[in-house]
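Heads up, the thing below is written out as structure tokens.
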Amino acid sequence: MLSCTGGVYRVRLDDEILETTLRGRFKQERASRVLVGDRVVVREHADGGATIEELLPRQSVLKRRTPGKSRGVRNVAANVDRIVVVGAARHPDWDAHLIDRFVVVAEVNGLATAVVVNKCDLVDDPELLAAPYARAGYPVVLTSVPERRNLEALRGLLEGHVSLFTGPTGVGKSSLLNVLQPGLELRTGSVSKKSHGGRHTTVAAEMHFIGQCGYVVDTPGLRDVGLWGVEPLEVALAFPEFSAHAQRCRFDNCRHMEEPDCAVVEAVSDGEIAESRLASYRCLLEEALQAARQWN
Ligand SMILES: Nc1nc2c(ncn2[C@@H]2O[C@H](COP(=O)(O)OP(=O)(O)OP(=O)(O)O)[C@@H](O)[C@H]2O)c(=O)[nH]1
Ligand SMILES: [Mg+2]
Ligand SMILES: [Zn+2]
């Protein structure tokens, strides 16, 4: 299922896109709500209409926690196996902490993660922004839409996967998909001059078939992502570059905060782990500890 607007579900069937509606049974059972990315059984009717009859088992469900105190969980898409966190080098400015939050959400969902630094035409050394993630072992691609920079590398990243583009609003997620697949013509927005924050141009998750690349889900940009309910211990695991060093911390249960002989802190001094990543980790751990205190 590619996208849903006003009760119409677009489903890709070979090279055809069918507009379908839900069979009554699905409408009643909220739990079986059909998600973008779901594989479904469709019945075509004599009158030309088509209905979704059955939902096939899911390999994964990507969940998003709403930020703040509301503690809501929303299912975003089904069967996604790769998250591509897209940020802009400028307009809006690169926000390492926000990018780290997106990356941690992907890790917590247990999905392969890659980072794209887009709008590289607007800065001199985008490599500096990308370095912490490359050092952490994530595939990183530096792109520019007007310059068509590194589109082949991006294609390579997507090939054979069901990917989902996530990141702040206005960073160029839809623009990248438009240049990867000419003819797609997704709506893209202008970044408002005042805030550089952009307006939401994409309003709902939509899956697209990008030729030999496979499927990509475009999502609306988010101002913030919630991480409540992530166990404090899970936070360190979401920073994969810490683990090799953490084994050498003096304390087995080192949290890489104030403890003496912390090998993660040493790795930061040696330039093996980016300072911004340790800062993000500490911030997220603090958040997780606080949330855990509230629960208990
Ligand atoms: N200079 C420059 N501008 C870009 C680039 N990519 C996208 N833009 C511009 O950035 C603006 C926002 O692009 P969108 O593709 O709508 O951004 P988005 O991430 O899909 O935004 P949401 O749908 O709101 O989440 C548009 O005006 C694009 O033309 C780039 O590589 N370089
Ligand atoms: Mg968009
Ligand atoms: Zn430590």
Side-chain angles (χ1 to χ4, degrees), residues 3 36 64 76 84-95 98-99 102 115-124 126 129-130 141-151 153-154 164-181 184-193 195-208 216-225 232-233 235-237 239 241-270 272-273 277-278 281-282 285:
S3 65
V36 164
R64 177 167 91 73
V76 180
V84 179
V85 177
V86 184
R90 276 196 76 191
H91 296 297
D93 283 342
W94 183 264
D95 178 343
L98 183 57
I99 296 296
F102 281 106
V115 176
V116 167
V117 184
N118 188 37
K119 306 202 189 187
C120 286
D121 51 294
L122 300 180
V123 299
D124 289 331
L129 306 173
V141 185
L142 305 173
T143 57
S144 160
V145 170
E147 293 179 354
R148 305 287 192 268
R149 203 191 292 186
N150 285 331
L151 295 184
L154 182 55
L164 180 134
F165 277 20
T166 182
T169 184
V171 297
K173 299 179 293 298
S174 303
S175 302
L176 282 168
L177 291 176
N178 280 341
V179 288
L180 282 178
Q181 180 74 347
L184 206 54
E185 289 170 10
L186 303 180
R187 222 157 69 81
T188 60
S190 56
V191 177
S192 68
K193 284 229 165 65
S195 63
H196 291 316
R199 296 181 287 260
H200 295 275
T201 307
T202 305
V203 292
E206 276 179 19
M207 185 176 240
H208 305 285
V216 181
V217 180
D218 189 16
T219 66
L222 302 172
R223 248 170 255 290
D224 193 12
V225 279
L233 281 172
V235 179
L237 297 177
F239 288 76
E241 75 269 43
F242 288 11
S243 64
H245 300 284
Q247 293 169 2
R248 290 183 291 101
C249 292
R250 186 202 295 187
F251 300 110
D252 282 345
N253 59 355
C254 183
R255 284 176 165 170
H256 326 306
M257 297 293 265
E258 312 273 82
E259 295 93 337
D261 297 327
C262 169
V264 171
V265 170
E266 273 165 34
V268 172
S269 323
D270 296 344
E272 287 173 61
I273 293 175
R277 294 275 293 164
L278 180 60
Y281 160 77
R282 285 176 165 171
L285 178 64

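The first residue in the sequence is number 1, and the count goes up from there. Each ligand, and each atom within it, is numbered from 1 in the order the structure gives.
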- Query: Among V36, L186, V217, whose side chain to side chain contact (heavy atoms under 4.5 Å, CB included) with E206 holds?
  - Reply: L186
- How many angstroms lie between atom OG of S175 and atom NZ of K119, to the nearest 0.5 angstrom? 7.0 Å
- Query: Can you tell me if CG on L233 sees more than 12 non-hydrogen neighbours from other groups inside 6.0 Å?
  - Reply: no
- Query: If we only count N/O pairs under 3.5 Å, is K173 in contact with ligand 1?
  - Reply: yes
- Item | Any N/O pair V171/ligand 1 closer than 3.5 Å | yes
- Message: Does any N or O of ligand 1 fall below 3.5 Å from an N or O anywhere on T188, backbone included?
- Response: no
- Can you tell which part of D218 has a heavy atom less than 4.0 Å from ligand 1: side chain, backbone, both or neither? neither
- Query: Side chain, backbone, both or neither: which part of D121 comes within less than 4.0 Å of ligand 1 when only heavy atoms are counted?
  - Reply: side chain
- Sequence neighbours excluded, which residues qualify as side-chain contact (heavy atoms from CB on, under 4.5 Å) partners of R187? T201
- Message: For L184, run the side chain to side chain contact (heavy atoms under 4.5 Å, CB included) check against L177, V216, D218 and tell me which one passes.
- Response: L177
- Query: From T219 OG1 over to M207 CE, what is the distance, rounded to the nearest 0.5 angstrom?
  - Reply: 12.0 Å
- Message: Suppose the cut-off is 2.8 Å; which protein N/O/S atoms would you list for the Mg ion (ligand 2)?
- Response: S174 OG, T202 OG1
- Task: Looking only at N, O or S atoms, find the one in H256 nearest to the Zn ion (ligand 3) and name it.
- Result: ND1
- Proximity winner for atom 17 (O) of ligand 1, if only heavy atoms of S175, P168, G221, G172 are counted: G172
- Sequence neighbours excluded - side chain to side chain donor-acceptor pair (under 3.5 Å) pairs with any residue from residues 250-260: R250-D261
- Message: For atom 20 (O) of ligand 1, tell me which residue out of S174, G167, A88 has the closest non-hydrogen atom.
- Response: S174
- Item | Option set G189, S144, P220, A89, criterion heavy-atom distance to atom 26 (C) of ligand 1, minimum | G189
- Query: Looking only at N/O atoms, are C120 and ligand 1 under 3.5 Å apart anywhere?
  - Reply: no
- Message: Quick check against the 3.5 Å criterion: does T166 have a side-chain atom that pairs as donor or acceptor with the backbone of V85?
- Response: no
- To 10°, measure the SG(C249)-the Zn ion (ligand 3)-SG(C254) angle for me. 110°
- Quick one: list whatever passes side-chain contact (heavy atoms from CB on, under 4.5 Å) with V123, sequence neighbours left out. A89, R90, P126
- N150 (side chain) donor-acceptor with L142 (main chain) under 3.5 angstrom: yes
- Item | Distance, nearest 0.5 Å, that separates CG of L154 from CZ of R148 | 12.5 Å
- Which of the numbered atoms in ligand 1 are below 4.0 angstrom from a heavy atom of L122? 1 (N)
- Task: Measure the CG-CG distance between L98 and D93 for me, rounded to the nearest 0.5 Å.
- Result: 12.0 Å
